[in-house]
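In what follows, every chain begins at residue 1, and chains take the letters A, B, ... in the order their sequences are listed.
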Protein chains: 2
Amino acid sequence: MKAQWHSWAVTPDATSAAAPGPVGTRDTRQRRAVLEVLDGEDGFRSAQAIHATLREAGVKIGLATVYRSLNSLSDAGSVDVLRDGAGEQLFRRCGGGSHHHHLVCRACGTTVEVESDSVESWAARVGREHGFSEVQHTIEVFGTCEACARSVASPDG
Amino acid sequence: MKAQWHSWAVTPDATSAAAPGPVGTRDTRQRRAVLEVLDGEDGFRSAQAIHATLREAGVKIGLATVYRSLNSLSDAGSVDVLRDGAGEQLFRRCGGGSHHHHLVCRACGTTVEVESDSVESWAARVGREHGFSEVQHTIEVFGTCEACARSVASPDG
DNA sequence: ACATTAGATGAGATTGATTATCAATACAAA
DNA sequence: TTTGTATTGATAATCAATCTCATCTAATGT
C-alpha cells in the first residue's frame, strides 16, 4: 500500500506550498539517462552493466540511483526483471502491459518476447487443481541465439 | 586452483596408497545430517534454515559445509534448487531424475511436483522457432496452499 | 524570476547470502 | 594402524543490492 501525498487530505495550514506529483515520477537527468540506455538495448542487462555504460558515456550518475530508477520502473511495469543463473537481477524495457515471457540468449542477452495462452492456463490450472490460490508463475527460456552460436563455431576475432 | 599444504609434493613412487572414490561422495556425518533434514521436509528450504534446524537439533555443523553439501547434491541432481522472490536459493529433495517443475506455497514452502509434456515441448519449440540452440527453461508456479489460506482467514494462534 | 519544499541524488556504509581460505580432522583403503 | 586425501569449520572475502543522510533540484505557487 502506497502512502498518499496529495493535499486532498487538506492539511490545515500546510496548503501553503506545492502539490508535488507522486513519488518516483519526477523528471530528472538521471532517470532519463537510464531509460535511454534501456531503450537502446534489445536484451536484458544488469544494473551494474547499465551503470557502467552510463559512466563510460560520460553520464554522471550513482549506482544507487540506477538501482532506484530501475526499481521504480519495474514497480510501474515499464521494465521486466528476471534473474540469471547466478541470481543477479537483469532488466529490460518491455512492450505494453500485456503478460509475456522471454526467450533469452545466454551469451549476449538478446531477448524475444513470447506469449502463450496455453501455458498461462496450464499454470493457473495446476495451481487450482491443488487448491492453491493467488497463483503466479515465472517462466523463462534460455538458449544460445543464432548469431552467438555462429561466432562460437567460427570466431573471426 | 587450491593450494597444497601437504607433503605429497614428494610424489616419489606415488602408487603406494589408496584409490579414493570421486570427489563429493565420501560418507560423512555432516552430509548424512543434511540429507536427513531434506528428507524430513516436504517443501523448499534455504541453506541457512537447514543449518539452523541442524544446530537446534544439536548437530554440530558449519554453515559452509551445509552450502557445500547442498551444492554437491545439486550437482549430482539429488536436490532441486530454485530462487525465491529475494533471489535466495531454496533446496528440496526431489524424486527421481525425471524432469519436473514445482508448485510452491509462498507461505510455508510446501511443494507439489508437476509435469507437463505440453509445456516442455512448448519451451523447446519456442526456442527452435527463433533459431536458439541448447534451449533450457525455468518454470515455477507460486501460490498459497489451502492450509495457509485457511490460517490467514481464521488465525487460531 | 524567486522562494519553497518534498522528492531525488550520490558517496559511502551496511546488509545479507554465498564462496574462498587453509589448518586441522576424519573417512576409507591397504 | 597407517597413510593420503577429501572434508570440515571458523572466519575472511566477495558481491549484489539497499540504506544513510547531507545536499541538490525539479515542480509549483506567487
Taking only side-chain nitrogens and oxygens of [X], does any of them come within less than 4.0 Å of OP1 or OP2 of [N]?
X: A:Thr28; N: C:dT9; answer: yes
X: A:Gln89; N: D:dA17; answer: yes
X: B:Lys60; N: C:dT25; answer: no

To the nearest Å, how far apart are [X] [atom1] and [N] [atom2]?
X: B:Arg32; N: D:dA6; atom1: CZ; atom2: P; result: 19 Å
X: A:Leu54; N: C:dG10; atom1: CG; atom2: P; result: 10 Å
X: B:Arg31; N: C:dC27; atom1: CZ; atom2: C1'; result: 10 Å
X: A:Arg26; N: C:dT4; atom1: CZ; atom2: C1'; result: 12 Å
X: B:Asn71; N: C:dA17; atom1: CG; atom2: P; result: 16 Å
X: A:Arg55; N: C:dA11; atom1: CZ; atom2: P; result: 6 Å
X: A:Leu70; N: C:dG10; atom1: CG; atom2: P; result: 13 Å
X: A:Tyr67; N: C:dA11; atom1: OH; atom2: C1'; result: 16 Å

Mind checking [X] for me? I need base, sugar-phosphate or nothing, with any heavy atom below 4.0 Å counting as a touch.
X: A:Leu63; result: nothing
X: A:Asp84; result: nothing
X: B:Gln48; result: base

Exercise for the section: Give a yes or no on whether a donor-acceptor pair under 3.5 Å exists between the nucleobase atoms of C:dG10, that is its base, and the side chain of A:Arg68. Expected result: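 Indeed, a donor on one side and an acceptor on the other fall under 3.5 Å apart.
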Exercise for the section: Consider the side chain of A:Thr65, meaning its heavy atoms from C-beta on, and name the nucleotide among C:dT9, D:dG9, C:dA11 that approaches it most closely. Expected result: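 Of the options given, the side chain of A:Thr65 lies nearest C:dT9.
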Exercise for the section: Compare the minimum distances between each of D:dT8, C:dA11, C:dT18 and the side chain of B:Gln30, then state the nucleotide with the smallest one. Expected result: D:dT8
Practice task
Report the residue (B:Glu88 or B:Asp27) whose heavy-atom-nearest nucleotide on DNA chain C is the more 5′ of the two.
Solution key: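 Counting from the 5' end, the first nearest nucleotide belongs to B:Glu88.
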Practice task
Take B:Arg83 and A:Ser69, find for each the nucleotide of DNA chain C with the closest heavy atom, and name the residue whose nucleotide sits nearer the 5' end.
Solution key: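 It is A:Ser69 whose nearest nucleotide is closer to the 5' end.
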Handout entry: Ring center gap for B:His137 and A:Phe142 short of 6.0 angstrom
Key =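 No, too far apart.
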Practice task
Write down the atom of A:Arg106, the atom of B:Ser133, and the distance for their closest heavy-atom approach.
Solution key: NH2-O, 4.0 Å
Exercise for the section: Give a yes or no on whether a salt bridge exists between A:Asp80 and A:Arg92, defined as a side-chain N under 4.0 angstrom from a carboxylate O. Expected result: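 No salt bridge links A:Asp80 with A:Arg92.
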Practice task
Give a yes or no on whether A:Val66 and A:Val59 share a hydrophobic cluster (residues Ile, Leu, Val, Met, Phe, Trp, Tyr; joining criterion: side-chain heavy atoms under 4.5 Å apart).
Solution key: yes
Exercise for the section: Report the distance from atom CZ of A:Phe44 to atom CG of A:Leu38, rounding to the nearest 0.5 Å. Expected result: 10.5 Å
Problem - 5'-most by nearest nucleotide on DNA chain D - A:Ser46 or B:Val66 - result: B:Val66
